[in-house]
Student: 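For reference, the structure I am asking about is given below.
Everything numeric in this text was worked out from a predicted model, so none of it was measured.
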Amino acid sequence: LAPWALDLTGPLLLVVGAEARGVPADVLERCDAVTRLPMEGFIASYNLQAAVAAVTLERFRQLERNA
């Protein structure tokens, strides 16, 4: 699911993985939800920091909307 398809307004712990390999399967199995940013293929310049920023901004948008 894309971040905007999830409710990110409650208590939240973001688990992020390596840019190329992602989060290990055993960790993903214990998560309540998994999100990915939709994009085509692997883009080397699209780093983990940018992805975390995008998800964090979506959380702030949802929190503001619900305030």
Student: Would you check, one step at a time, whether the test side-chain contact (heavy atoms from CB on, under 4.5 Å) holds for Val15 with Val27?
Tutor: CA-CA 9 Å; Val15 177; Val27 175; 3.9 Å; yes
Student: Could you pull out all residues at least two apart from Thr56 that satisfy side chain to side chain contact (heavy atoms under 4.5 Å, CB included)?
Tutor: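 Testing Thr56 for side chain to side chain contact (heavy atoms under 4.5 Å, CB included), a comparison that skips the adjacent residues, returns Leu14, Val52, Phe60.
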Student: Using the salt bridge (charged side-chain N to carboxylate O under 4.0 Å, His left out) rule, collect all pairs that involve residues 54-67, keeping only residues at least two apart or in two chains.
Tutor: Glu58-Arg61
Student: If Ile, Leu, Val, Met, Phe, Trp and Tyr residues are connected whenever their side-chain heavy atoms lie under 4.5 Å apart, and connections chain through other members, are Leu28 and Val16 in the same group?
Tutor: no
Student: Taking Val23 as the starting point, is it possible to reach Leu12 by hopping between hydrophobic residues whose side chains are less than 4.5 Å apart?
Tutor: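 Unlinked, Leu12 and Val23 end up in two clusters.
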Student: For Asp7, give me all partners under side chain to side chain contact (heavy atoms under 4.5 Å, CB included), at least two apart in sequence or on another chain.
Tutor: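 Once residues adjacent in sequence are excluded, the partners of Asp7 under the side chain to side chain contact (heavy atoms under 4.5 Å, CB included) criterion are Thr9, Gln62.
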Student: Of all the heavy-atom pairs spanning Pro3 and Leu37, show the shortest one and how long it is.
Tutor: CG-CD2, 3.5 Å
Student: Under the rule for side chain to side chain contact (heavy atoms under 4.5 Å, CB included), what residues qualify as partners of Asp26, not counting sequence neighbours?
Tutor: Pro24, Arg30
Student: List for me each residue that meets side-chain hydrogen bond (donor to acceptor under 3.5 Å, both in side chains) alongside Arg36, sequence neighbours excluded, and say none if there are none.
Tutor: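 Arg36 satisfies side-chain hydrogen bond (donor to acceptor under 3.5 Å, both in side chains) with no other residue.
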Student: Measure across Leu6 and Ala33 and return the closest heavy-atom pair with its distance rounded to 0.1 Å.
Tutor: CD2-CB, 4.0 Å
Student: Excluding sequence neighbours, so at least two apart, what forms side chain to side chain contact (heavy atoms under 4.5 Å, CB included) with Ala2?
Tutor: Trp4, Pro38
